[in-house]
Amino acid sequence: MTGLLTLLGRGVGLLLVGLVQVYRYTLSPMLGPRCRFAPSCSEYTIEAIQLHGPVVGLGYGLRRIVRCHPFGGSGYDPVPAPRRSRDASGRAADRSGAGRSGAGRSGSAAVSQPAHEQKV
């Protein structure tokens, strides 16, 4: 079931990227360069969809388009990096090392103190 959802998500992502590409090569040249940010809003949206998937990526792209107006900001605005990775089972993987205990490691604290006096 997870494989089917992944495949469906990739298909939707490719469809959305295709729609943005159609805009970039048909309508955008007629409007001229108007984006206040680098990368352009269409490049940002494509990258966001590729990095974060279709739902979150489209949300980032829409948020960026809403901010692109004469009273908004401008300049370099990269797509945020994904917050955490997923392991093979689809669960969030802890890459920070914060949840790891010292079990299984050889250290001087475990060797120098008796078992009943070891710090936890």
Student: Check the pair D77, R67 against side chain to side chain contact (heavy atoms under 4.5 Å, CB included), reporting the backbone distance first and the verdict last.
Tutor: CA-CA 11 Å; D77 180 29; R67 291 188 329 212; 2.2 Å; yes
Student: Measuring from Q50:CD to R10:CZ, what's the distance to the nearest 0.5 Å?
Tutor: 12.5 Å
Student: Would R36 and H69 count as a side chain to side chain contact (heavy atoms under 4.5 Å, CB included) here? Give the steps.
Tutor: CA-CA 8 Å; R36 303 172 53 85; H69 56 82; 5.8 Å; no
Student: If you look at every heavy atom in Y44 and P80, which pair is closest and at what distance?
Tutor: OH-CD, 3.6 Å
Student: Could you give me the CA-CA distance, side-chain angles and deciding distance for V79 and R64, then say whether side chain to side chain contact (heavy atoms under 4.5 Å, CB included) is met?
Tutor: CA-CA 10 Å; V79 175; R64 169 72 174 274; over 6 Å; no
Student: Can you measure from CG (L19) to CD1 (I46) and round to the nearest 0.5 angstrom?
Tutor: 10.5 Å
Student: Ignoring hydrogens, what is the shortest heavy-atom contact between L58 and I49? Give both atom names and the distance.
Tutor: N-CG1, 3.9 Å
Student: Decide whether L62 and V12 are clustered together by the hydrophobic rule: side chain heavy atoms of Ile, Leu, Val, Met, Phe, Trp, Tyr closer than 4.5 Å, transitively.
Tutor: yes
Student: Report yes or no: do V66 and F71 belong to one cluster of Ile/Leu/Val/Met/Phe/Trp/Tyr joined by side chain heavy-atom distances under 4.5 Å?
Tutor: no
Student: Would you please test C68 and C35 for side chain to side chain contact (heavy atoms under 4.5 Å, CB included) and show each step?
Tutor: CA-CA 7 Å; C68 194; C35 195; 3.9 Å; yes
Student: Looking only at non-hydrogen atoms, find the nearest pair between I65 and C41 and report the distance.
Tutor: CG1-CB, 4.2 Å
Student: Where do F37 and G73 come nearest, in terms of heavy atoms and distance?
Tutor: CZ-O, 3.4 Å
